[in-house]
Amino acid sequence: MDGFQTGINVFELIQQGDKKAFDSFFLRHYSVLCGYAAQFVDPEDAEEIVQDIMVWLWESRETIVIQTTLIQYLFKAVKNKCINLINRNYLKERVHQSLSMQQERLYEDPDFYIVEELTRKIEEALQELPDNYRDVFVLNRIEGKTYKEIALLLEVSPKTVDYRIQQALKILRVRLKDYLPFLLSLLY
């Protein structure tokens, strides 16, 4: 057990792959490191941070260069991980608050409810159109197809397409007269 007297000796053993030395070191320092981390973060996060660091220590043991003692190195690593977690949680909270405020403003905006109602009214009005008027109107005004493209697709003349769209517009203007200012881009 003389090899366990100094941190340097323990670290040398760990670097050489001595699992017993690592296990002994882990058991001896785990709760102290968790207690230290718990000063900065929740106990559950503290345990996870210390476990991650210990796993990292074992997996990286051959390439780690330590200028101080192993335990000092680990205390610093724990503190840095805690600070990173605090910063990450703070950033998450800020993003969450920002998104929440944007969402609140959206629902507080009276236009949001008008758009919801308007969308429902347009869908209802479109469903009430005769099928051939509705199909042509949707292809032109919603899908952006030209009269010529629609005529080829439906095997009718461009004049028929124009007539059906004009008829659909007449019906929709009457049906949606209360919403006309909001519909100018769609209907014209």
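We number each residue from 1, following the sequence as shown. Side chains are part of it too, since the values below use all heavy atoms of this structure and drop only hydrogens, waters and symmetry mates.
Between the side chain of Glu128 and the backbone N or O of Glu123, no donor-acceptor pair lies under 3.5 Å. Side chain of Arg175 to backbone of Ala125: no donor-acceptor contact under 3.5 angstrom is found. The backbone N or O of Trp56 lies less than 3.5 Å from a partner atom in the side chain of Ser60, making a donor-acceptor pair.
Counting all heavy atoms, side chain and backbone alike, Lys145 lies closest to Asn140 at O-ND2, 2.9 Å. Taking each heavy atom of Ile14 and Arg61 in turn, the nearest pair found is O-CD, 2.8 Å. Considering every non-hydrogen atom in both Ile165 and Tyr147, the closest pair reads CD1-CE1, 3.3 Å. Closest of all the heavy-atom pairs between Val10 and Phe25 is CG1-CD1, 3.8 Å. Looking at every heavy atom in both residues, Val136 comes nearest to Ile150 through O-CD1, 3.9 Å.
Using modelled atom types, one finds a donor on one side chain and an acceptor on the other under 3.5 Å when comparing Ser157 with Thr160.
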Side-chain donor/acceptor pairs under 3.5 Å, residues 31-51, sequence neighbours excluded:
residue	atom	partner	partner atom	Å
Gln51	NE2	Tyr30	OH	2.9

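Ring pair Phe22/Trp58 is tilted by interplanar angle, where 30° to 60° counts as tilted.
A continuous path of ILVMFWY side-chain contacts below 4.5 Å connects Leu153 to Val161, so both sit in one hydrophobic cluster. Both Leu172 and Tyr163 sit in one connected hydrophobic cluster of ILVMFWY residues. Membership requires side-chain heavy atoms under 4.5 Å apart, directly or through other members. There is no path of hydrophobic side-chain contacts, each under 4.5 Å, that joins Leu139 to Leu152.
Looking only at side-chain heavy atoms (C-beta outward), Leu169 and Arg141 come within less than 4.5 Å of each other. Two residues are said to be in side-chain contact when any heavy atoms from C-beta on lie closer than 4.5 Å; Ile71 and Phe75 meet this criterion. Side-chain contact between Leu57 and Phe26 is absent, with no heavy atoms from C-beta onward closer than 4.5 Å. Contact of the Leu85 side chain with the Lys81 side chain is not registered, since no non-hydrogen atoms from C-beta on lie closer than 4.5 Å.
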For this session: For the pair Lys76 and Lys79, evaluate side-chain contact (heavy atoms from CB on, under 4.5 Å) and give the outcome as yes or no after the intermediate values.
Result: CA-CA 5 Å; Lys76 187 170 184 172; Lys79 183 177 180 180; 5.7 Å; no
For this session: Would you check, one step at a time, whether the test side-chain contact (heavy atoms from CB on, under 4.5 Å) holds for Arg164 with Val156?
Result: CA-CA 11 Å; Arg164 290 178 181 174; Val156 295; 4.2 Å; yes
For this session: Could you walk me through whether Leu74 and Met54 pass the side-chain contact (heavy atoms from CB on, under 4.5 Å) test, one step at a time?
Result: CA-CA 9 Å; Leu74 292 177; Met54 290 297 205; 4.3 Å; yes
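Here CG of Leu70 is found 11.0 Å from CD of Glu12. Values are rounded to the nearest 0.5 Å. To the nearest 0.5 angstrom, Tyr73 atom OH is 8.5 Å from Thr68 atom OG1.
For Lys159, there are no salt bridge (charged side-chain N to carboxylate O under 4.0 Å, His left out) partners at least two apart in sequence or on another chain.
Environment of CD in Glu143: crowded, with over 12 heavy atoms of neighbouring residues, nucleotides or ligands closer than 6.0 Å.
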